[in-house]
S.K.: 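Structure below; questions to follow.
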Protein chains: 2
Amino acid sequence: MESGAVTARTSTESARDIPEATVARLPVYLRALITLAEAGTTTCSSEELARAAGVNSAKLRKDLSYLGSYGTRGVGYDVNYLRYQIAREIGVTQDWPVVIVGIGNLGHALANYSGFRSRGFRVVALLDADPERQDEVVAGVDVRPFDDLEAIVGEQGVAIGVIATPAAAAQAVADRMVAAGITSILNFAPTVLAVGEGIDVRKVDLSIELQILAYHEQRKAAHDEEAS
Amino acid sequence: MESGAVTARTSTESARDIPEATVARLPVYLRALITLAEAGTTTCSSEELARAAGVNSAKLRKDLSYLGSYGTRGVGYDVNYLRYQIAREIGVTQDWPVVIVGIGNLGHALANYSGFRSRGFRVVALLDADPERQDEVVAGVDVRPFDDLEAIVGEQGVAIGVIATPAAAAQAVADRMVAAGITSILNFAPTVLAVGEGIDVRKVDLSIELQILAYHEQRKAAHDEEAS
DNA sequence: TAGATTGTTAATCGATTAACAATC
DNA sequence: TAGATTGTTAATCGATTAACAATC
């Protein structure tokens with residue numbers, strides 16, 4: 001797991017211990033519920049929701065059981081109620097200010113990605129070290145010098161940073177982010193970041209995903225040859 | 001797991017059964033080895049490689065043991081030899097032609113991503129349904145009409161497709177891809193794809209990654225309050 | 001031979017799944 | 001009450017990790 005372990009804490013009502021695998025699926029369920037709600041569905045069974053989310057229904061029910069008892073036996077789940085409960089549990093009923101560093105192709109794509117704003121994330125700043133890029137306006141947000149990082153993080157209370165720089169720059173950017181007070185980093189640069197205790201890092205690596213597909217593809221080909 | 005289960009097969013020398021969790025880490029090790037090689041390192045211990053890859057050394061050795069015995073006790077691993085063995089196992093010593101469908105911001109970023117070409121993937125076509133986009137040349141590749149899909153897949157023997165369209169179009173694109181002969185799909189559209197047996201789908205969802213960070217961030221905040 | 005480090009074992013931990021009692 | 005579906009149990013499966021024998 002890339003994300004730091006949740007350390008032991010005194011139990012309070014809202015601090016149940018939800019397994020990492022479940023946490024990673026909650027956003028998938030949330031998206032499925034939003035789709036159902038938009039289609040006018042008001043109630044759904046675990047079977048229906050599981051199908052929409054691409055998991056089996058036993059896993060879905062087990063996952064939801066960590067949040068509480070939000071369904072009705074014999075009936076199913078109220079789509080909007082469950083949607084709210086999951087959103088609250090994830091923390092996306094509140095607004096999360098986010099900074100993106102590195103405004104290349106990927107940074108542009110991220111800045112323009114509508115899925116962020118619609119899900120509780122607000123891009124408050126786009127930062128780039130290149131002065132040439134600092135005249136641009138992307139997705140309605142000014143590109144600003146990377147050196148403004150500390151000021152912006154302090155003023156806006158930014159906890160989450162996105163790194164979309166080349167690999168060579170990523171560690172230095174992460175260090176500055178952490179020093180400025182950011183405690184969660186989403187890293188698109190193809191490099192392993194070293195960060196201190198209590199800092200969560202998640203990594204998205206486009207070429208790694210393709211390589212995993214290639215591995216299975218290669219085995220399919222080997223299998224086909226055997227069969228013929 | 002998103003990717004389809006590897007089905008039972010008669011055992012041949014090259015068809016060892018490698019756990020999914022290990023398969024997902026092999027590209028990380030490969031990247032770390034490339035970085036070490038570029039820095040001039042010729043030999044490394046499991047401890048060093050593990051540090052570079054961001055895992056612990058017991059896990060690394062266990063993972064490598066599924067591939068064979070490529071290290072030397074008391075010495076460590078030859079960087080270039082291990083690099084080749086992992087690349088061969090993943091299947092990236094060969095060239096994989098890839099098509100990308102949907103040339104918006106994300107499609108542009110993907111087409112320009114150098115990490116593909118350097119790791120055995122060759123973007124042979126960029127496809128978009130919008131005739132306005134079909135005049136563009138992105139990263140040296142012409143954007144072509146989506147309807148050319150079948151011809152291109154057939155001519156070039158494309159097995160892997162990348163979907164970077166809006167969510168609403170993704171399922172139709174996936175259906176056409178599968179009908180054309182593609183058997184592995186990397187999906188960036190925020191929707192669950194329904195595909196038949198034997199088709200591997202991996203999904204990258206930018207907003208889901210941020211939501212997982214938000215969950216942990218929320219808990220950190222709750223924890224801090226308790227402590228004060 | 002002595003020191004170092006791999007490859008493997010076995011214990012532990014966490015995730016998945018089927019089955020079904022509880023209950024609407 | 002009868003039918004439906006949740007929430008939970010318990011079994012199984014897969015992944016992680018520490019420890020160490022094998023061996024360079």
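Sequence lines set the chain letters: A, B, ... in the order given, protein chains first and strands last, and positions in each chain run from 1. Everything numeric here is computed off the predicted structure, so don't read it as measured data.
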S.K.: Which residue lies toward the 5' end of DNA chain C, Asn56(A) or Gly74(A), if each is placed at its nearest nucleotide?
M.R.: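 Result: Asn56(A).
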S.K.: Between dA18(D), dT17(C), dT5(C), which nucleotide has the shortest distance from any of its atoms to the side chain of Ser45(B)?
M.R.: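 Looking only at heavy atoms from C-beta outward on Ser45(B), the closest nucleotide is dT5(C).
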S.K.: Rounded to the nearest Å, what distance is computed from the CG atom of residue Leu49(A) to the C1' atom of nucleotide dT5(D)?
M.R.: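 Those two atoms, CG and C1', are 14 Å apart.
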S.K.: With a 3.5 angstrom cut-off on both distances, give the Watson-Crick or G-U wobble partner of dC24(D), or none if there isn't one.
M.R.: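 Partner of dC24(D): dG3(C).
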S.K.: What's the CZ-C1' distance between Arg61(B) and dT9(C), to the nearest Å?
M.R.: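 That distance rounds to 12 Å.
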S.K.: Between dA18(D), dG7(D), dA15(C), which one does the side chain of Tyr77(A) approach most closely?
M.R.: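 Looking only at side-chain atoms, Tyr77(A) lies closest to dG7(D).
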S.K.: Where do Thr35(A) and Glu38(A) land on the side chain to side chain donor-acceptor pair (under 3.5 Å) test, with the steps shown first?
M.R.: CA-CA 5 Å; Thr35(A) 305; Glu38(A) 282 171 356; 5.3 Å; no
S.K.: For the pair made of CZ in Arg73(A) and C1' in dT5(D), what is the distance, rounded to whole Å?
M.R.: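 Interatomic distance, CZ of Arg73(A) to C1' of dT5(D): 9 Å.
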S.K.: Below 4.5 Å, heavy atoms only, C-beta onward: do Arg119(B) and Ile34(B) meet side chain to side chain?
M.R.: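 The answer is yes; the side chains approach within 4.5 Å.
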S.K.: What verdict does the side chain to side chain donor-acceptor pair (under 3.5 Å) test give for Asp63(B) and Thr22(B), after you've listed the backbone C-alpha separation in whole Å, the side-chain angles of each residue and the deciding distance to 0.1 Å?
M.R.: CA-CA 6 Å; Asp63(B) 283 340; Thr22(B) 297; 2.7 Å; yes
S.K.: Given Thr183(A) and Glu217(B), is the side chain to side chain donor-acceptor pair (under 3.5 Å) satisfied, shown in steps?
M.R.: CA-CA 8 Å; Thr183(A) 48; Glu217(B) 199 55 52; 2.7 Å; yes
S.K.: Could you check how far CG of Asp63(A) sits from C1' of dG14(C), rounded to whole Å?
M.R.: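 Checked: the CG to C1' distance equals 13 Å.
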S.K.: Applying a 3.5 Å limit to both distances, which nucleotide forms a Watson-Crick or G-U wobble pair with dC13(D)?
M.R.: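 Partner of dC13(D): dG14(C).
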S.K.: Expressed as a whole number of angstroms, how long is the span from Tyr66(B):OH to dT8(C):C1'?
M.R.: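 Tyr66(B) atom OH is separated from dT8(C) atom C1' by 10 Å.
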S.K.: What's the NZ-P distance between Lys62(A) and dA19(C), to the nearest Å?
M.R.: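 It is 16 Å, rounded to the nearest whole Å.
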S.K.: Tell me: NZ of Lys59(A) to P of dA18(C), nearest whole Å?
M.R.: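 The distance from NZ of Lys59(A) to P of dA18(C) comes to 10 Å, rounded to the nearest Å.
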S.K.: Minimum heavy-atom separation for Ala32(B) and Leu49(B), please, with both atom names.
M.R.: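 Smallest interatomic distance, heavy atoms only, reads CB-CD1, 3.8 Å.
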S.K.: What is the nucleic acid contact for Ala21(A), judged by heavy atoms within less than 4.0 Å: base, sugar-phosphate only, or nothing?
M.R.: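 Sugar-phosphate, no base atom in range.
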S.K.: Contacts to DNA chain C from residues 27-42 of chain B, heavy-atom cutoff under 4.0 Å, which residues?
M.R.: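 Result for residues 27-42 of chain B: none.
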S.K.: Where the side chain of Glu20(A) is concerned, which of dA15(C), dT16(C), dA15(D) is the nearest nucleotide?
M.R.: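 Between dA15(C), dT16(C), dA15(D), the one nearest the side chain of Glu20(A) would be dA15(C).
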S.K.: Does the side chain of Ser46(B) get closer than 4.0 angstrom to OP1 or OP2 of dT6(C) through an N or O atom?
M.R.: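 For dT6(C), OP1/OP2 do have a side-chain N/O of Ser46(B) under 4.0 Å.
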S.K.: Would you check if Met177(A) and Ile185(A) make a side-chain contact, meaning some heavy-atom pair closer than 4.5 Å?
M.R.: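 Yes, close enough: below the 4.5 Å cut-off.
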S.K.: Do the ring centers of Tyr70(B) and Tyr81(B) come within less than 6.0 Å of each other?
M.R.: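 Ring-ring flag for Tyr70(B)/Tyr81(B): true, centres closer than 6.0 Å.
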S.K.: From the options dG7(D), dA18(C), dT6(C), select the nucleotide whose nearest atom is closest to the side chain of Ser65(A).
M.R.: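 Nearest to the side-chain atoms of Ser65(A), counting from C-beta on, is dG7(D).
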S.K.: Glu48(A) CD to dT5(D) P: how many Å, rounded?
M.R.: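 To the nearest whole Å, that distance equals 8 Å.
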S.K.: Go through Arg61(B) and Ser46(B) one step at a time and tell me if the side chain to side chain donor-acceptor pair (under 3.5 Å) criterion holds.
M.R.: CA-CA 7 Å; Arg61(B) 289 198 302 276; Ser46(B) 62; 3.0 Å; yes
S.K.: Measure from the side chain of Arg25(B), starting at C-beta and using heavy atoms only, and say which of dA18(C), dT16(D), dG7(C) lies closest.
M.R.: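 The answer is dT16(D), which lies nearest to the side chain.
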